[in-house]
Amino acid sequence: LPGYGDSPSAEMVATVQGRRTFLGHVLQELGMQRPVLVSPSMSGRFSLPFLLAQGDRLAGFVPIAPVGTKDYTAEQYQQVKTPTLILYGDHDTRLAPQALQNLKHLPEHRVVMLRGAGHACYLDKPEDFHQALLGFL
C-alpha cells in the first residue's frame with residue numbers, strides 16, 4: 001500500500017476519500033468487476049471506506065482483523081449489503097476482538113475464528129484459512 005513499507009508515499013491516500021478513490025482506481029485499472037476484496041490488517045484503511053461507500057461494487061468482503069473499524073458507526077455498517085466473511089486468529093487478542101465487535105454489525109456476515117493463529121492467521125494456519133475462504137467464495 002502507498003506510504004507503507006518500502007512503497008513511495010502518496011499524497012492521494014492521505015485522506016479517507018483519497019484512499020477510497022485509490023482503491024476504486026486500482027479495481028478499475030485491473031478490470032475487476034465485482035471482486036471479492038480480501039483485507040488484512042492495515043489495508044482496512046482502504047477497504048473499509050470503499051466498502052461503506054461502494055460495497056455494491058464488491059461480490060464479497062473478507063476482513064482479517066483490519067484496522068480502522070472503530071472509525072465507523074453500527075448504523076454505517078448496517079447499511080452495507082455486501083456478503084462478508086470475518087476471519088481472525090484466536091491468538092490475536094488486541095486487534096481482532098475490536099474488529100469483530102465493530103464488523104458484527106454488517107448484516108450479511110459470517111465469522112470464522114482460526115484456532116492457534118495470530119494476527120496474520122493466513123500465515124499461521126494457511127490450510128484452515130484457505131478452506132474458510134474457498135467455502136465463502
Side-chain angles (χ1 to χ4, degrees):
L1 295 173
Y4 296 99
D6 293 330
S7 68
S9 180
E11 295 273 334
M12 177 183 194
V13 299
T15 66
V16 170
Q17 182 174 338
R19 291 187 293 273
R20 180 177 62 228
T21 300
F22 174 80
L23 184 53
H25 286 313
V26 168
L27 297 179
Q28 182 178 343
E29 288 299 314
L30 293 173
M32 302 184 99
Q33 297 177 10
R34 295 196 35 85
V36 173
L37 183 60
V38 179
S39 178
S41 197
M42 288 301 290
S43 67
R45 292 276 181 221
F46 291 77
S47 66
L48 291 170
F50 187 85
L51 174 73
L52 293 171
Q54 299 179 50
D56 59 331
R57 290 184 58 189
L58 301 173
F61 181 56
V62 183
I64 307 162
V67 301
T69 61
K70 65 182 178 182
D71 296 342
Y72 305 98
T73 66
E75 292 77 21
Q76 287 175 292
Y77 286 119
Q78 290 165 353
Q79 299 303 311
V80 175
K81 303 299 182 222
T82 307
T84 300
L85 173 64
I86 301 168
L87 270 167
Y88 70 98
D90 67 340
H91 290 189
D92 183 356
T93 57
R94 184 171 165 256
L95 189 56
Q98 178 186 69
L100 179 60
Q101 180 72 21
N102 295 305
L103 294 172
K104 71 180 182 183
H105 296 290
L106 292 166
E108 304 226 9
H109 77 272
R110 285 191 270 166
V111 178
V112 172
M113 185 255 312
L114 300 180
R115 296 201 181 279
H119 181 64
C121 62
Y122 44 87
L123 295 177
D124 295 339
K125 296 287 186 171
E127 289 182 26
D128 296 342
F129 170 79
H130 286 102
Q131 183 178 11
L133 181 59
L134 289 172
F136 175 69
L137 297 174

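Everything numeric in this text was worked out from a predicted model, so none of it was measured.
- The aromatic rings of Tyr77 and Tyr72 stand perpendicular to each other, their planes meeting at an angle above 60°, with 30° marking the opposite boundary.
- Following chains of ILVMFWY side-chain contacts shorter than 4.5 Å, one cannot reach Met32 starting from Leu137, and the two form parts of different hydrophobic clusters.
- A distance of 15.0 Å separates CZ of Arg115 from CG of Asp124, quoted to the nearest 0.5 Å.
- Connection of Val80 to Phe136 is not established within any shared hydrophobic cluster, with ILVMFWY side chains joined at heavy-atom distances below 4.5 Å, either directly or through further cluster members.
- Residue Gln78 places its CD atom among more than 12 non-hydrogen atoms of other residues, nucleotides or ligands, all under 6.0 Å distant.
- Nearest heavy-atom pair, Gly44 versus Pro66, reported as atom, atom and distance to 0.1 Å: CA-CB, 3.8 Å.
- We find the OG1-CG distance between Thr69 and Leu48 to be 7.0 Å, quoted to the nearest 0.5 Å.
- Here OG1 of Thr93 is found 12.0 Å from CD of Gln98. Values are rounded to the nearest 0.5 Å.
- Ala59 approaches Thr82 most closely through the heavy-atom pair C-CG2, 4.4 Å.
- Minimum interatomic distance between Leu95 and Ala65 (heavy atoms only, all atoms of both residues): CD2-O, 3.0 Å.
- The CD1 atom of Ile64 sits 9.5 Å away from atom OG of Ser41, with the distance rounded to the nearest 0.5 Å.
- Cluster membership for Leu100 and Leu37, using ILVMFWY side-chain heavy atoms within less than 4.5 angstrom, is shared.
- Residues Gly135 and Arg110 share a closest heavy-atom pair of O-NH2, 4.0 Å.
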- With side chain to side chain contact (heavy atoms under 4.5 Å, CB included) as the test, would you mind laying out the steps for Tyr88 and Val111 before giving the verdict? CA-CA 8 Å; Tyr88 70 98; Val111 178; 3.7 Å; yes
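- Formation of a donor-acceptor pair under 3.5 Å by the Asp92 side chain with backbone atoms of Gly118 is not found in this model.
- Here Arg19 contributes atom CZ and Phe46 contributes atom CZ; the two are 6.5 Å apart, rounded to the nearest 0.5 Å.
- Phe50 and Gly24 make their closest contact through CE1-CA, 3.6 Å (heavy atoms, listed as atom of the first residue, atom of the second, distance).
- Residues Leu51 and Leu58 have side chains in contact (heavy-atom distance under 4.5 Å, counting atoms from C-beta outward).
- Here the closest non-hydrogen pair linking Ala96 and Gly89 is CB-O, 4.4 Å.
- Distance check: Met113 CE to Leu87 CG gives 11.0 Å after rounding to the nearest 0.5 Å.
- Identified under the salt bridge (Lys or Arg N to Asp or Glu O under 4.0 Å) test for residues 58-86, with sequence neighbours left out: Arg45-Asp71.
- Under the 3.5 Å distance criterion, the side-chain polar atoms of His109 are matched with a main-chain donor or acceptor of Leu106.
- Asp90 places a side-chain N or O within 3.5 Å of a backbone atom of Gly116 that can act as its donor or acceptor partner.
- Of the possible polar contacts, none joining the Arg57 side chain to the Arg34 backbone as a donor-acceptor pair under 3.5 Å is found.
- Side-chain contact, Ser43 with Ser47: no donor N or O sits under 3.5 Å from an acceptor N or O.
- Test Leu85, Ile86, Val38, Thr84 against Phe61 for side chain to side chain contact (heavy atoms under 4.5 Å, CB included) and you get one pass: Thr84.
- In this structure, Leu123 is not a member of the same hydrophobic cluster as Val67, with clusters built from ILVMFWY side-chain heavy atoms closer than 4.5 Å.
- In terms of modelled atom types and a separation under 3.5 Å, the side chain of Gln76 and the main chain of Thr73 share a donor-acceptor contact.
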